[in-house]
Amino acid sequence: MTNKAIPKKSVSVAIVGSGGAGSITAGSILLEAAGKTGWYGMMNRSVGPQIRGGEAAALVRLANHPVECTAEKYDLLIAIDWKNADRFAAEMPLKTEGLIIADPTSGPIPELISSSGATVAEIPIKELAKEIPGGRENMIAAGLAAGFIGLSVDDLMSVIGTKLANKGQAAIDASRACVEAGIAQSRNYDFRFEIGEADLRHKGRWLITGNEAIGLGAIRGGVRFAAAYPITPATEVLEWLSPSLTEVGGALVQAEDELSSINMAIGASFGGQPSITATSGPGLSLMMESLGLAAASEVPIVVVDVMRVGPSTGIATKSEQSDLNIAVYGFHGDAPHVVVAPLTVADCLYTGQWAAHLAEAMQVPTIVLSDQALGQSRVLMKRPANLSFFAKRKTWERTSEEPYLRYALTADGISPMAIPGTTGGQYTADGLTHSLRGHPSTRRSDQQDQMDKRHRKVADFDYGVHWGEITGEGETVILTWGSITGPAREAIRSLKAEGIKVKLVAMRLIAPFPKEALDQSLKGAKRVLVVEQSHSGQFRNYLRANTEIPGEIRHFHRPGPHNIGAGEIAAQIRDWK
Amino acid sequence: MTNKAIPKKSVSVAIVGSGGAGSITAGSILLEAAGKTGWYGMMNRSVGPQIRGGEAAALVRLANHPVECTAEKYDLLIAIDWKNADRFAAEMPLKTEGLIIADPTSGPIPELISSSGATVAEIPIKELAKEIPGGRENMIAAGLAAGFIGLSVDDLMSVIGTKLANKGQAAIDASRACVEAGIAQSRNYDFRFEIGEADLRHKGRWLITGNEAIGLGAIRGGVRFAAAYPITPATEVLEWLSPSLTEVGGALVQAEDELSSINMAIGASFGGQPSITATSGPGLSLMMESLGLAAASEVPIVVVDVMRVGPSTGIATKSEQSDLNIAVYGFHGDAPHVVVAPLTVADCLYTGQWAAHLAEAMQVPTIVLSDQALGQSRVLMKRPANLSFFAKRKTWERTSEEPYLRYALTADGISPMAIPGTTGGQYTADGLTHSLRGHPSTRRSDQQDQMDKRHRKVADFDYGVHWGEITGEGETVILTWGSITGPAREAIRSLKAEGIKVKLVAMRLIAPFPKEALDQSLKGAKRVLVVEQSHSGQFRNYLRANTEIPGEIRHFHRPGPHNIGAGEIAAQIRDWK
Amino acid sequence: MNAPTKNKFSARDFTSDLTPVWCPGCGDFHVLMSTTKALAELGTPPEDIAVISGIGCSSRIPAYTDCYGFHGVHGRSLALATGLKVASPGLTVLAMSGDGDGFSIGGNHFIHACRRNIDITYIVMDNRVYGMTKGQPSPTTEPDWDSALSPGGTGLSPFHPLVIALASGANFVARSFSGDIKNTTKIIVEAVKHPGFSFVQILSPCVTFRPDEKDWKNTVHPASVEETDDPARAARRIMTDDGMNTGILYRGNRAPYKPQVTGKGVETIELERQFEI
Amino acid sequence: MNAPTKNKFSARDFTSDLTPVWCPGCGDFHVLMSTTKALAELGTPPEDIAVISGIGCSSRIPAYTDCYGFHGVHGRSLALATGLKVASPGLTVLAMSGDGDGFSIGGNHFIHACRRNIDITYIVMDNRVYGMTKGQPSPTTEPDWDSALSPGGTGLSPFHPLVIALASGANFVARSFSGDIKNTTKIIVEAVKHPGFSFVQILSPCVTFRPDEKDWKNTVHPASVEETDDPARAARRIMTDDGMNTGILYRGNRAPYKPQVTGKGVETIELERQFEI
Ligand SMILES: Cc1ncc(C[n+]2csc(CCOP(=O)(O)OP(=O)(O)O)c2C)c(N)n1
Ligand SMILES: Cc1ncc(C[n+]2csc(CCOP(=O)(O)OP(=O)(O)O)c2C)c(N)n1
Ligand code: SF4
Ligand code: SF4
Ligand SMILES: [Mg+2]
Ligand SMILES: [Mg+2]
């Protein structure tokens with residue numbers, strides 16, 4: 001084995017093992033420990049088809065700068081065993097200069113992995129664990145990883161100690177012994193995957209998933225009621241909100257289905273409480289009729305759609321960006337509303353909070369299009385700034401003896417809303433075409449007026465700079481939305497290192513279409529690469545319907561479950577000659 | 001009163017009256033009687049907000065050529081009484097040279113009507129009816145109308161006689177006396193609204209509504225199962241299908257809601273029976289999740305959406321074309337499917353039958369976008385030709401010992417389907433991403449292959465000439481879809497009479513977008529007027545997303561409830577200078 | 001919220017100036033009257049009351065009251081009402097709809113609302129038909145009732161709303177006849193007062209599509225037995241009654257659902273600590 | 001359809017070669033075994049049987065049988081099964097799903113399927129939890145069961161599927177325990193044979209999210225009373241039992257729904273006459 005100490009700014013580690021082996025726990029410990037020492041990072045998990053207890057892989061990436069997407073190629077693969085590991089093999093290609101750690105008693109290394117050309121180190125993980133009373137294989141694996149990437153025993157133990165606090169000292173000691181054994185083993189090899197110096201200017205990392213961040217954003221934005229029906233990969237939004245809303249004096253109710261959950265949220269919001277629900281594609285489909293009611297009756301509501309592979313039940317545990325169509329166009333009749341999309345895991349907080357603000361300010365249903373890649377990824381991020389997005393509904397109080405006109409025609413289209421309990425404000429919210437007072441009407445002028453008003457309030461609203469993120473400069477542009485932003489940014493960074501200047505335009509506001517701002521951002525573009533994760537090219541199609549993109553256009557897209565990576569995007573630009 | 005015998009090719013008559021007055025019956029009799037003598041015609045009804053028993057107006061148009069839209073201005077208005085008639089007044093503007101028949105005992109004529117400048121004839125309808133034992137005011141009205149448009153007592157009695165057959169001779173005699181009295185009264189006036197000679201080459205008229213015609217088309221196309229949940233204005237499709245399916249050996253089941261009805265239809269079709277359901281916007285919204293299941297599991301199914309004013313509950317009894325978005329884009333994930341739209345009431349038969357054929361041939365959910373203006377209008381049409389659209393599903397029979405692959409990749413994307421009962425064909429239909437055998441899969445290649453296949457089968461299908469109707473020629477084109485076709489055709493006819501040549505392109509196939517055929521039809525166009533009944537311009541937006549329209553483009557659109565008329569369309573063209 | 005002041009209101013204070021679209025003679029007029037009378041008697045000011053409905057003739061009722069109202073989509077009144085009551089526990093919440101809205105498309109919310117036992121009152125105007133869509137059979141329609149959609153009748157045995165309510169956990173179950181305004185008013189008052197989920201079926205004739213129901217005034221009769229708090233006993237009685245028994249048939253003691261809104265009301269910033277490492 | 005030939009099949013003939021995704025020890029393995037044994041005993045060839053499900057761990061079952069199957073969307077198995085049976089009356093149709101699929105999102109179809117009484121068999125694998133979405137309370141979950149979504153429990157009294165089935169009109173009602181393969185097989189055989197809508201609740205432990213349910217094998221016990229055909233009597237018994245009573249609890253005599261497929265089979269052209277004038 002040659003001595004190759006490879007200086008790196010980002011290291012990727014995969015830990016695989018069959019059911020019960022604890023590979024995910026090992027990965028989590030590694031991530032948190034890295035965070036405590038001042039690094040950044042991200043972890044995804046890949047699990048087998050079993051409901052639970054099947055094989056699992058922790059996919060960890062650590063870096064000395066914030067990371068927004070997982071690795072496309074791995075430096076280090078630690079296999080606690082190889083059971084069914086071939087299922088994952090395609091998801092974690094190894095670098096040729098990478099390292100594979102295998103237990104010799106686990107049988108042969110799967111072809112797809114060994115063919116990577118990476119070096120193989122045989123380490124008897126099981127035996128090492130057995131030698132330690134109460135020792136566990138995954139703690140050996142954690143120690144090994146720590147050794148190869150330069151984390152210390154103490155770094156790891158500061159995390160493990162807390163986690164095992166109520167399991168007693170013996171458990172903690174056993175873990176320490178395992179970690180030490182793992183690190184000791186790593187010393188036998190000359191491989192080192194160093195991340196570089198930790199960024200200590202910004203201490204105080206947060207460790208958070210996209211699903212948690214959206215929930216937190218919503219609460220920050222003023223949401224105090226949630227209705228829930230579980231669905232993968234959105235359930236964690238609801239599971240995080242449940243105790244958290246209680247903490248802040250709100251409530252979550254579990255509904256019997258999505259028809260109920262959306263209506264519970266609308267009912268709560270009608271009562272004055274900013275409200276939310278979260279779901280995925282199948283649930284969103286069921287909510288569309290009532291989202292139309294919210295639009296017509298002008299009741300604010302936030303619906304988070306954590307997208308997964310479609311159509312129909314599709315693949316619940318994998319990511320896709322294919323609910324753009326339904327979110328924008330899935331209403332019967334014309335129902336102006338808002339659609340926004342977080343760009344990265346960290347941005348879930350920002351966008352969640354913004355969504356609550358938008359919904360309340362405009363009294364409009366607001367759909368947040370997150371996806372599995374954001375929602376179920378855990379990242380180490382900087383402590384976020386405070387944002388000034390708060391739910392601020394224009395309410396009504398009696399100021400004259402005039403009868404209250406719930407749907408009064410105002411210049412900005414937003415009509416003051418009486419909250420039940422307000423004297424003199426009684427009205428009936430209605431999904432029927434209605435007059436200014438809210439009375440059912442079949443009059444042409446009422447329909448036209450209210451349609452104009454609802455269109456106006458959404459179209460004329462000032463979305464400011466939040467509509468999207470623009471980074472870099474150049475005549476070559478990558479135009480994308482949502483979770484592709486992370487890999488696209490990374491692609492642009494690596495292209496920059498090669499001397500290729502590329503600008504990124506990432507849309508956070510999807511509907512209403514931010515035509516002016518987008519056109520402005522694309523001015524002078526000679527080449528525009530549109531990137532998205534959908535089979536039919538929903539985003540491309542949507543762009544085409546709404547604006548004319550300057551210059552030459554290419555379109556890189558595919559359906560899930562395989563996420564689009566930074567390297568692929570960069571290759572698209574490189575190949576464009 | 002001056003003698004003005006006005007020669008006409010089309011006459012429009014409105015009969016209004018309060019609850020129980022029977023104005024609709026009078027209109028129906030007029031329409032059918034006109035049909036029996038060889039004329040054509042159409043009748044709509046306009047009713048007040050009461051559920052039933054409120055005031056109503058029969059809007060009848062009769063002509064010596066097939067008519068495809070109601071009149072914009074009326075020749076003759078017969079008011080049995082004026083109760084609440086001002087509610088309708090805006091819907092039935094009178095020609096200046098028209099005639100208003102009013103009972104002097106009913107009080108003053110509403111301002112909006114009298115201001116038309118039409119002549120007023122005071123006829124004591126109530127008194128005339130009272131003078132006849134068992135006489136009814138609406139029969140007097142029918143007689144009056146007959147007199148002014150040139151129908152005879154016998155013409156009317158051939159209809160009334162059948163209708164009253166089981167009410168006894170006395171009732172028939174009373175009606176005859178009323179009709180005679182009405183006709184006699186008309187002789188006191190010099191007004192005549194003559195339709196011209198009846199077209200006797202094509203005898204054997206059909207009298208049918210759009211809703212009935214779609215149902216009949218479906219049965220002709222092979223449909224034998226329907227699931228029902230009532231909703232205005234689609235209920236008559238289901239009410240017609242119920243006894244009719246029984247007649248032909250099929251069945252209709254009333255479901256508890258639309259979630260159930262769509263799944264019942266899918267279940268029946270999975271069993272091999274071509275199946276249908278009909279609904280309107282709110283119901284379609286509820287069906288979208290399961291329509292996605294039909295797309296993913298490749299089960300053919302026809303869903304008729306008789307569109308009404310949206311969003312949400314909107315106006316259930318009025319027409320709009322605003323479900324185009326949801327029909328095309330309302331699925332979560334990418335779910336290739338078919339959307340078609342009948343162009344006229346008569347075309348409901350053709351399109352209904354075609355839809356059954358398309359669904360079955362491609363094993364794909366097919367949405368038919370009809371609307372209230374088509375569905376609830378009754379027309380006199382020529383006896384229709386037989387069409388060769390039949391449900392012909394590619395089924396599977398065992399021919400080898402190879403295991404059956406339900407989702408085999410075929411060149412045309414259509415995989416032979418085993419019908420339960422077929423030995424060796426057992427498989428599980430699934431909305432999860434699946435392998436060729438139908439087993440759940442999370443593999444990238446399975447997802448890609450099946451997405452490609454489902455896209456291919458719909459995109460590559462040969463829709464032939466049925467994609468749309470092109471009439472006329474010229475560099476000025478009216479481009480539209482669905483029920484606007486009727487008024488557009490009429491606009492083109494009247495423009496032609498003025499020497500202005502306009503071509504009509506009406507799309508019957510909405511999705512997949514018939515790009516090639518449409519582009520071909522628009523070749524050389526210098527001016528294209530896009531016409532549709534929606535607030536946001538869904539059709540225009542959809543066109544923009546899918547093709548580039550040549551020449552200068554104008555867009556004429558508005559939401560319901562006021563239907564777009566031929567005169568307005570013609571004016572748009574005339575003004576385009 | 002404004003503190004309830006007893007007996008200072010009349011039914012007029014709870015009635016709006018909008019003319020109902022109902023057919024002359026429709027039973028729902030009487031339900032409106034009984035409801036507004038009951039609300040007057042209860043004495044809660046109209047601005048502290050919300051009337052929530054779905055779609056149907058009966059579901060038009062909110063706008064005819066002078067309370068806050070929500071005319072939602074078909075079948076979802078109970079879900080709207082649940083969210084509203086949990087988030088605004090100080091309001092008096094009534095859900096009011098029809099047999100089609102409540103038992104057909106809304107059936108799932110019905111059984112789960114009974115089980116959830118939130119303190120709301122659910123009034124269903126049962127005319128055994130879909131009135132608004134012009135006469136199709138509903139779940140409570142007799143099996144042999146002829147209609148265009150089901151020529152000769154559906155052949156299905158009717159749905160027993162009161163039995164289902166009991167079996168699902170409703171805390172108060174009653175039946176009334178719209179024409180009997182006095183007793184209907186009384187029952188509504190009791191239903192609203194009773195904690196938890198109260199269900200009142202009001203037989204309310206559709207004179208247009210079910211003219212035979214005009215005869216109901218002759219066939220309804222007060223329940224011959226006393227009200228009970230034993231659900232099994234109540235179920236047995238209702239299961240074997242003729243569907244025309246009126247009165248309060250069950251008054252239970254189950255504690256109403258208390259959503260966990262009783263949180264500490266901490267600042268958002270405290271929630272954020274969990275993400276710090 | 002192929003004529004049923006008795007006793008020439010073994011459970012293997014109804015079992016596919018696909019490996020279930022279920023956790024080792026999951027009760028659903030036993031349900032699969034009992035179902036295939038019952039089908040073998042019934043003797044209908046696999047191609048004349050359809051197994052229809054929704055979404056959930058339990059709902060994965062169709063592909064593990066060698067019958068025709070439909071793995072539909074969440075909660076709609078009974079609607080699919082109804083359409084299929086009406087249009088193809090010669091098939092034996094089983095709907096099989098879970099407590100979340102069947103009683104939560106699918107609750108409305110459940111009560112209406114009972115009422116409609118079509119000749120299908122509905123088997124619900126009840127583990128009192130949403131297994132597939134990783135452990136949330138379902139309608140049958142105990143009120144104090146702690147979970148991430150409902151910390152400390154929902155506080156709601158559980159849904160009684162058998163009572164609801166009876167109240168809604170099911171024609172055959174039974175409860176079984178997955179671990180008791182012999183009796184479960186017997187019950188399924190009887191359920192399929194019985195005309196009309198047959199409902200079987202099978203207590204089927206979720207070993208992963210409800211490890212406490214492993215103890216069910218000790219707590220289930222055969223019903224101490226004989227089966228009955230009196231729904232009121234059956235209801236009373238079930239309402240007061242401990243939820244662990246197994247056996248056939250009700251076997252009714254209601255005639256199954258006969259859709260009007262018995263039409264004259266006339267030619268389409270005859271239908272068209274009505275439009276001629
Ligand atoms: C999703 C949806 N499906 C169907 C309808 C059509 N619809 C309106 S009211 C109604 C039935 C109402 O019946 P019921 O609740 O008994 O009210 P009633 O008119 O008899 O008082 C139906 C089916 C609708 N509005 N929305
Ligand atoms: C419309 C919709 N909502 C939610 C889900 C998510 N989901 C999948 S399975 C399931 C619950 C299944 O519970 P149960 O029927 O008890 O099955 P088990 O896994 O316990 O066997 C849910 C909520 C979905 N697939 N579709
Ligand atoms: S149709 Fe029937 S329920 Fe509707 S308003 Fe008229 S009488 Fe009442
Ligand atoms: S999670 Fe529970 S129900 Fe699902 S397979 Fe595992 S043990 Fe069975
Ligand atoms: Mg009703
Ligand atoms: Mg379960």
Side-chain angles (χ1 to χ4, degrees), chain A residues 32 35-36 159 204-208 212 216 219-220 224-225 227 242 244-253 255-257 259-273 275 289-290 292-293 297 380 383 418 420-432 438-440, chain C residues 1-2 16 18 21 45-53 55 60 62-88 90-91 93 108-109 111-112 115-116 257 259-268 270-272 274-277:
Chain A
E32 189 169 342
K36 289 207 167 177
V159 177
R205 296 274 170 282
W206 273 25
L207 186 60
I208 194 166
E212 292 164 343
L216 177 59
I219 289 188
R220 274 185 164 197
R224 288 298 176 274
F225 179 87
S242 182
S244 304
L245 279 172
T246 307
E247 288 277 309
V248 298
L252 176 142
V253 178
E256 54 274 25
D257 60 19
L259 305 161
S260 181
S261 57
I262 181 72
N263 277 288
M264 284 183 181
I266 294 170
S269 177
F270 166 74
Q273 204 69 288
S275 299
E289 190 207 6
S290 298
L293 172 68
S297 62
L380 286 162
R383 178 198 291 278
T422 310
T423 310
Q426 294 98 300
Y427 75 101
T428 292
D430 209 322
L432 283 173
H439 291 167
Chain C
M1 311 292 151
N2 309 281
S16 82
L18 192 61
V21 295
E47 62 264 31
D48 291 341
I49 299 169
V51 182
I52 315 294
S53 72
I55 298 289
R60 290 274 184 148
Y64 308 144
T65 75
D66 198 28
C67 306
Y68 281 90
F70 207 136
H71 186 210
V73 294
H74 192 35
R76 317 292 169 213
S77 66
L78 286 172
L80 284 172
T82 299
L84 177 59
K85 180 71 186 181
V86 170
S88 306
L91 295 175
V93 178
N108 204 29
H109 312 306
I111 55 181
H112 286 281
R115 187 168 95 81
R116 212 173 271 120
Y257 174 76
Q260 297 157 307
V261 267
T262 48
K264 301 160 210 145
V266 305
E267 293 295 308
T268 309
E270 291 191 40
L271 284 183
E272 302 186 353
Q274 67 190 283
F275 300 116
E276 294 170 4
I277 56 162

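Computed from a prediction, not measured in an experiment: that's the story for all the values here. Numbered from 1 within each chain, the chains take letters A, B, ... in sequence-line order.
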_Quick one: does any side-chain atom of A/Glu247 pair with a main-chain N or O of C/Val266 as donor and acceptor, under 3.5 Å?_
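Such a contact is absent between A/Glu247 side chain and C/Val266 backbone.
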*asked:* Is it the case that the side chain of C/Tyr68 and the backbone of A/Ala429 share a donor-acceptor pair, with hydrogens and angles ignored and the cut-off at 3.5 Å?
replied: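 Not at all, since once roles are kept as given, no pair shorter than 3.5 Å links the two residues.
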For chain C, the option from [options] that forms the most heavy-atom pairs under 4.5 Å:
options	answer
A/Glu32, A/His439, A/Glu289, A/Gln426	A/Gln426
A/Val253, A/Leu259, A/Leu380, A/Ile219	A/Leu259
A/Gly424, A/Ala265, A/Ala418	A/Ala418
A/Pro440, A/Gly272, A/Gly425	A/Gly425

Measure the spacing between [atom1] of [X] and [atom2] of [Y] and express it to the nearest 0.5 Å.
X	Y	atom1	atom2	value
A/Thr423	C/Glu47	OG1	CD	3.5 Å
C/Thr82	A/Glu256	OG1	CD	7.5 Å
A/Asn263	C/His109	CG	NE2	7.0 Å
C/Asn108	A/Ser260	CG	OG	8.0 Å
C/Leu271	A/Leu245	CG	CG	8.5 Å
A/Leu432	C/Ile55	CG	CD1	5.5 Å

*Would you call C/Glu272 and A/Arg383 a salt bridge, taking side-chain N to carboxylate O under 4.0 Å as the test?*
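Salt bridge: no.
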*Counting heavy-atom pairs under 4.5 Å to chain A, which of C/Gly75, C/Ser16, C/Ser77, C/Pro46 comes out on top?*
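The option with the most such pairs is C/Pro46.
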_Just so I understand: if I count every heavy-atom pair under 4.5 Å between each of C/Asp66, C/Thr268, C/Leu18 and chain A, which residue has the most?_
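If we count pairs closer than 4.5 Å to chain A, C/Leu18 comes out on top.
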Contact class of [X] relative to chain C, heavy atoms under 4.5 angstrom:
X	value
A/Ser297	side chain
A/Ile262	neither
A/Tyr427	both
A/Gln273	side chain

*Which region of C/Arg115, side chain (C-beta onward) or backbone (N, CA, C, O), has a non-hydrogen atom less than 4.5 Å from a non-hydrogen atom of chain A, or is it both or neither?*
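Answer is neither: C/Arg115 stays 4.5 Å or more from chain A.
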Over all heavy atoms of both residues, which pair between [X] and [Y] is shortest? Give the atoms and the distance, please.
X	Y	value
C/Leu91	A/Gly421	CD2-N, 4.2 Å
A/Leu293	C/His71	CD1-O, 4.1 Å
C/Arg116	A/Ala255	NH2-CA, 3.7 Å
A/Ala251	C/Val86	CB-CG1, 4.0 Å
C/Ser88	A/Gly271	OG-O, 3.4 Å

*Should C/Thr65 and A/Thr428 count as side-chain neighbours, where that means a heavy-atom distance under 4.5 Å?*
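A side-chain contact is absent here, since even the closest heavy-atom pair is not under 4.5 Å.
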